[in-house]
Amino acid sequence: MKKVILDCDPGHDDAMALLMAIASEKIDLLAVTTSAGNQKPEKTFANARKLLALAKKEEIPVAMGASKPLRRELIIAEEVHGETGLDGAELPEPSVAARQISANDLIADILRNSEEKVTLIATGPLTNIAIFLLSHPELKEKIEQISFMGGACFGGNYSPHAEFNIYVDPEAADIVVKSGVSVAMFGLDVTLKAQLFERDIQEIREIGNQVAVTMADLLDFFHLTTTVPFWADENHVEGIHMHDPCAVAYVIDPTLFKVYPMNVQVETGENLSLGSTVVDYDNVLGREKNVSVGFEVDLPRFRELVMDTMKYFND
Ligand code: RIB
Ligand code: CA
C-alpha cells in the first residue's frame, strides 16, 4: 500500500481520480489538498469536501492550497467544469467543519511525521507542489514520487502547445520537473486515449450506488464540454477524456501504462509556446531524463479499474 497525498482542482475528472484513490487497496490516502485551476480556490476546496462527504470518507483531511499561481493571475476552466466546478450533479454538504490548515502545512506535517515515503499525486496546476518543494527542501527526501496529470509531448488543449494545468502555472511546473524528485507525467499524449463512452456511463449508472449515480451525472455533464477533434465523424465517436485518473491509476498499477524516461523542460517565456512541456522525445539534446512520460494506456484494464472504483462504494 502506498501512502499518498492527492492535490487536485475538482473538476469532473479530478472527482473520478479522487474516488479511485479512495477505493484502491493499493493506496492509503493520507490527505487531499486543493489547487486553483478548474475553478476558484474556494470552489475546488468546497468540491473536494463534498466529494469526501459523498464517499463517506470525511475523516480524510482536506486543506486549501494557494489562491493563485506563483507569478501569474489565475485562469479557470469554467467553460469545461461549470460555475461550481462540478456542474451536473447535486453533492452532499460536508458534515465536518473545514480545517484551517494550509495545504503546504498539511503536506509538511504528514511528510515530517511519516515513517514511509509519501507519493504526491497532482491533478491540477502544480502551484501547491512547487510551494512545498521551495519551502521544505529538507522534506524532499520523504517524497516517493510525484505523479501528475499535465503537459503534452505533442500538442496542447489550452494553446496549440500547452496543456491547461501547466499553462495556468508554468513556473510551478518548471520547479517540479527540475526538483530532482522522481516525477511521472501523464500528459495529453496518454490522457486523451483514456476515454470513457456513453455505454460506460450507463454501466456506471447501473452499478446503482449513490457515488456511481452521482459520478454518472457528472460524466454526462463533462461529456457535453469534452473537446471533439475536428476530424471526428460518424466513424469516430470521441469519448470523455479521463485525464486526472491516469495520474492515480499509474500509482495503483504502473503496468497500465507505457512510460518512458525523457528530458522535460517547461517554457516559461512570454511567447507562443508559453506553458509548453518541451519533451525531448528523440533525446536530441542528450540532457538528463528527468521525467517518466506516459504515452500508452491499457484501456480495457483502465476501464475495469474505473468500474471497480464505482463498485467499491456499494454498501
Ligand atoms: O487538461 C486537463 C486538465 O485540466 C485536467 O486536470 C482537468 O481537470 C483540468 O484541470
Ligand atoms: Ca484537474
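Just so it is clear, the structure is predicted and the values come from calculations on it, not from any experiment. Numbering of ligands and ligand atoms starts at 1, following listing order.
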Exercise. With a 4.0 Å heavy-atom cut-off (strictly under), which part of Thr123 contacts ligand 1: side chain, backbone, both or neither?
Worked result: backbone
Problem set entry | Ala66 to Ala36 - nearest heavy-atom pair and separation | O-CB, 3.9 Å
For this session: Without swapping roles, check the side chain of Asp9 against the backbone of Asn38 for a donor-acceptor pair under 3.5 Å.
Result: yes
Exercise. For ligand 1, which atoms, with element, lie under 4.0 Å from some heavy atom of Asp14?
Worked result: 8 (O)
For this session: Look at the aromatic rings of His12 and Phe221 and report parallel, tilted or perpendicular, splitting at 30° and 60°.
Result: parallel
For this session: Please answer whether the main-chain N or O of Gln265 pairs with a side-chain N or O of Asp174 as donor and acceptor at a distance below 3.5 Å.
Result: no
Problem set entry | His161 and Ser276: side chain donor to acceptor below 3.5 Å | no
Exercise. What atoms in ligand 1 come closer than 4.0 Å to a heavy atom of His243?
Worked result: 2 (C)
For this session: Provide the protein N, O or S atoms situated under 3.0 Å from the Ca ion (ligand 2); waters are not included.
Result: Asp9 OD1, Asp14 OD1, Asp14 OD2, Thr123 O, Asp244 OD2
Problem set entry | Phe257 and Phe302 aromatic ring geometry - parallel, tilted or perpendicular at 30°/60° bounds | perpendicular
Exercise. So is Asn157 polar-close to ligand 1, meaning N/O to N/O under 3.5 Å?
Worked result: yes
Seminar exercise, completed: Residues passing the side chain to side chain contact (heavy atoms under 4.5 Å, CB included) test with Asn314, sequence neighbours excluded, are Ile207, Asn209, Lys311
Problem set entry | From the candidates Ile76, Asn38, Asp9, Asp13, the one that places a heavy atom nearest atom 5 (C) of ligand 1 | Asp13
For this session: Count the heavy atoms of every other residue, nucleotide or ligand shown that sit under 6.0 Å from CD of Glu25, and state whether that count exceeds 12.
Result: no
For this session: Using a 4.0 Å heavy-atom cut-off, say whether Val80 meets ligand 1 through its side chain, its backbone, both or neither.
Result: neither
